[in-house]
Amino acid sequence: MSLRKILISSSYIAALFFFACTTPSPDQSISEEMRYTEQYRPQFHFSPDSMWMNDPNGMVYYEGEYHLFYQFHPHSTVWGPMHWGHAITRDLVHWEHLPIALYPDSLGTIFSGSAVIDWSNSSGLGSSENPPLVAIFTHHNQSLADTGSDLFQYQSIAYSLDKGRSWAKYPGNPVLPNPGIRDFRDPKVSWYAEGEKWIMTLAAHDRIMFYSSPDLIDWTLESEFGALTGAHGGVWECPDLFPLDVEGEEKWVLLVSINPGGPNGGSATQYFVGEFDGKHFHNENPGTDALWIDHGKDNYAGVTWSYIPEVDGRRLFLGWMSNWQYANQVPTERWRSAMTLPRELLLERDGKGYLIRSVPAVETEKLRGEGIRLEPGPAKGSLDLWPIKDRAYPLYEIDLVFEYDPSDEAEFGIVLESEKQEQLIAGFNTRTRQVFVDRKASGKTDFSEHFPGIHTASYQVSREGEIRFHAFIDLSSLELFVDRGALVMTELCFPESGFEHIQLYSSQESVKLKTGAIYRLKRSW
Ligand code: FRU
């Protein structure tokens with residue numbers, strides 16, 4: 001081959017490569033039949049069509065569509081320069097992928113943030129007839145970070161006038177420059193009606209900073225919270241602030257993700273409950289132990305949808321189903337990561353403090369296929385609960401109420417097993433009073449020393465002698481809701497073949513299954 005030909009063909013390859021790198025999803029290299037059928041691909045959870053995803057961003061409900069933007073690296077299955085990927089759902093079960101919403105620019109890559117509907121056009125970026133959707137996000141400037149400066153994260157905005165389909169960055173970015181804080185990111189903005197101003201809840205290294213603005217452009221610091229409160233095993237990230245009703249009274253909930261420092265290692269999300277007066281957040285939960293939205297290893301950076309209509313009135317949450325300890329190593333090939341099921345957050349009084357329950361959004365019931373009711377009886381021994389096998393897609397929901405004698409020391413629960421004898425166990429120990437998930441032998445675990453293990457959560461049952469396990473099993477995850485979401489454990493697992501067998505087990509005769517139902521779940525793609 002002549003030198004000229006080599007040059008031409010290599011520039012052709014370079015051009016092709018560039019084209020491939022900039023092609024927005026969906027990935028064209030895969031046939032329609034193969035799409036979402038890859039090994040480990042979640043079948044009823046949101047995952048990107050291809051490539052890397054982390055945190056949910058910009059979650060708003062607008063004109064019948066729940067928007068989900070997400071941290072996205074379109075050129076690789078590992079974390080890298082961040083974009084905002086985009087998808088919508090109209091029913092919280094089926095998803096539609098949309099083109100990338102926000103691309104990196106000269107100010108940096110696009111880290112996590114939120115979106116608002118600027119109904120009164122306070123920003124002047126739209127009109128009152130067509131209020132702009134405004135995204136508020138962190139610009140991360142890696143070249144500045146590389147110089148050793150601390151000022152490399154600052155807050156910027158972008159707006160859309162066509163239901164989030166196309167976006168323009170605000171020319172005056174950043175709207176909130178860095179005041180000299182290394183980790184200064186993940187703005188969650190909402191309208192504070194009583195004070196008629198926007199409130200930005202921002203993670204600033206080891207605390208939350210609250211800013212306010214009349215127009216989403218000029219921001220004033222109001223206060224700080226948390227330097228001496230809550231868990232501090234790692235950096236604070238991805239906050240959310242919203243009111244929730246408890247017995248007719250309104251309380252404010254502050255979610256704060258931390259990494260590392262979670263209850264079972266690595267990433268996790270803690271919460272505080274109290275008052276917010278437009279300036280200060282005052283935590284009213286007594287005690288020094290952190291409260292966790294989820295005790296499993298795989299629910300991080302979760303936040304809630306804004307603008308769900310008042311007639312609905314729910315506070316719906318979605319988390320990133322992974323953990324920074326091994327998120328870049330999980331054994332999936334064409335894509336990496338999925339989101340949790342959408343969950344409703346409910347607030348309850350709990351002694352002197354407050355408890356958040358997370359329950360699967362009621363829409364997930366639409367996933368149900370055929371179901372069977374289980375006869376009450378002893379939970380001891382191995383009982384094959386699922387006569388209707390579906391080898392390709394063993395996807396199911398289990399809802400079991402166990403009864404036990406509180407004076408017995410017992411361990412009981414469920415064992416999910418694959419044809420290859422891979423096992424995932426979820427149980428309760430009445431002596432240690434711990435709920436646990438054991439994924440030591442759940443399939444592929446050797447990609448990270450942090451992955452295999454038994455993960456536990458102390459749990460005080462709400463009704464002595466009874467515990468309810470409500471669980472959703474996808475091809476690579478378990479979401480366990482205990483006693484109507486008083487405790488939740490979300491755990492990834494990578495069995496070579498799906499878990500076809502479900503068994504009950506118990507160390508004591510006295511443990512009984514009081515009621516039980518199992519539903520086969522449908523694929524949502
Ligand atoms: C949390 C996080 C955020 C940041 C984003 C970067 O998982 O570290 O703090 O904005 O991921 O992708």
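Atoms within a ligand are numbered from 1 in the order they appear, just like the ligands themselves.
When atom types are taken as modelled, the side chain of Ser160 and the backbone of Leu133 share no donor-acceptor pair closer than 3.5 angstrom.
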query: Does the side-chain hydrogen bond (donor to acceptor under 3.5 Å, both in side chains) test come out yes or no for Thr89 and Asp91, once each step is laid out?
result: CA-CA 6 Å; Thr89 175; Asp91 62 1; 3.2 Å; yes
field: Derivation of the salt bridge (Lys or Arg N to Asp or Glu O under 4.0 Å) call for Glu250 and Arg315
entry: CA-CA 13 Å; Glu250 183 183 87; Arg315 190 42 73 166; over 6 Å; no
message: If you apply the rule salt bridge (Lys or Arg N to Asp or Glu O under 4.0 Å), what do you find for Lys251 with Glu275, and how did you get there?
response: CA-CA 6 Å; Lys251 288 287 160 195; Glu275 292 290 345; 2.7 Å; yes
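Stacking of Arg41 on the aromatic ring of Trp335 is recorded, both the 6.0 Å distance cut-off and the 45° axial limit being met.
Within 4.0 Å of ligand 1, contacts by protein heavy atoms are made from Asn54, Asp55, Gln71, Trp79, Met82, Phe111, Ser112, Arg185, Asp186, Glu237, Cys238, Tyr300, Trp324.
Partners of His83 under the ring-ring contact (aromatic ring centres under 6.0 Å, His included) rule, at least two apart in sequence or in another chain, are His75, Tyr103.
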